[in-house]
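If you're wondering where the values come from, they're calculated on a predicted model, not measured in any experiment. Labels below follow one simple rule: chain letters A, B, ... track the order of the sequence lines, proteins then strands, and each chain is numbered from 1.
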Amino acid sequence: MNRSAWDGMIEIEDTFVEKVYEQVARIPFGKISTYGKIGELAGYPGAAREVGVAMSRVPEKSDLPCHRVVNKNGTLAPGHAFGGKEKQRKLLLQEGITFREDGLIYIEKHMWPDESGGEQLSLFA
DNA sequence: ACGTTGACTCCTA
DNA sequence: CTAGGAGCCAACG
């Protein structure tokens, strides 16, 4: 088709960033993931830093749930996103994410994908 | 091709 | 908690 058909469309780029966006978009409601894990899922293990950069490049109009991506420590972004950590914390709270008293997220509780033993997926009955 | 940069992660102090 | 340093990797000028 002509390029006119792509008018206004984002160019299809098979880049690292593209795949990262896909993985982030797959994070289910009420779950969170880490930069490193997202990069790993995207096929770029160890590229946690670039995942962060990719997030910063996300257009505001995008529906990407970037607030569900946190660093492994359980802390939120320094504040570049969402207009501050407080806002991100609120977004996560609305999704049922629980925080510790020190403000850190229970990573292990809401981590996605859930790779813990697989006791949940084992049930078929 | 090279040097910088960065919403990372791990370590030490 | 903060402050460095090192390793890591892709995007960008």
TODO: Hey, could you give me the CD/CG distance between E108(A) and D114(A), rounded to the nearest 0.5 Å?
DONE: 11.5 Å
Task: DNA chain B contacts made by residues 92-109 of chain A, counting heavy atoms under 4.0 Å - done: none
Task: Sequence neighbours excluded - salt bridge (charged side-chain N to carboxylate O under 4.0 Å, His left out) pairs with any residue from residues 96-107 of chain A - done: R100(A)-D102(A)
TODO: Find which nucleotide of DNA chain C each of R57(A) and A47(A) is nearest to by heavy atoms, and output the residue with the more 5' nucleotide.
DONE: A47(A)
Task: Nucleotide range of DNA chain C lying under 4.0 Å from chain A heavy atoms - done: dG7(C) to dC12(C)
Task: H110(A) side chain vs T98(A) backbone, donor-acceptor pair below 3.5 Å - done: yes
Task: Touch class at under 4.0 angstrom, heavy-atom based, for Y35(A) against every strand present - done: base
Open item on the list: Of the listed nucleotides (dA7(B), dG6(B), dT9(B)), which one gets closest to any side-chain atom of A48(A)?
Closed with: dT9(B)
Donor-acceptor pairs under 3.5 Å, side chain of residues 33-53 of chain A to any protein atom, not counting sequence neighbours: which ones?
residue: S33(A); atom: OG; partner: W112(A); partner atom: O; Å: 2.8
residue: T34(A); atom: OG1; partner: K37(A); partner atom: N; Å: 3.2
residue: K37(A); atom: NZ; partner: E115(A); partner atom: OE2; Å: 2.6

TODO: With DNA chain C as reference, determine whether R49(A) or F16(A) sits nearer its 5' end, using the nearest nucleotide of each.
DONE: R49(A)
TODO: Would you sort out whether L104(A) and F99(A) count as a side-chain contact (heavy atoms from CB on, under 4.5 Å), showing the intermediate values?
DONE: CA-CA 6 Å; L104(A) 304 185; F99(A) 286 69; over 6 Å; no
TODO: Not counting sequence neighbours, which residues clear side chain to side chain donor-acceptor pair (under 3.5 Å) with T75(A)? List them please.
DONE: N71(A)
- [ ] Between N71(A) and E50(A), just flag the one whose closest nucleotide in DNA chain B comes earlier from the 5' side.
- [x] E50(A)
Task: Results of salt bridge (Lys or Arg N to Asp or Glu O under 4.0 Å) for E22(A) - residues two or more places apart only - done: none
Open item on the list: Would you say that I27(A) contacts I32(A) through its side chain, given a criterion of any heavy-atom pair below 4.5 Å between the two side chains?
Closed with: no
Open item on the list: It should be established whether K72(A) places a side-chain nitrogen or oxygen under 4.0 Å from OP1 or OP2 of nucleotide dC10(B).
Closed with: yes
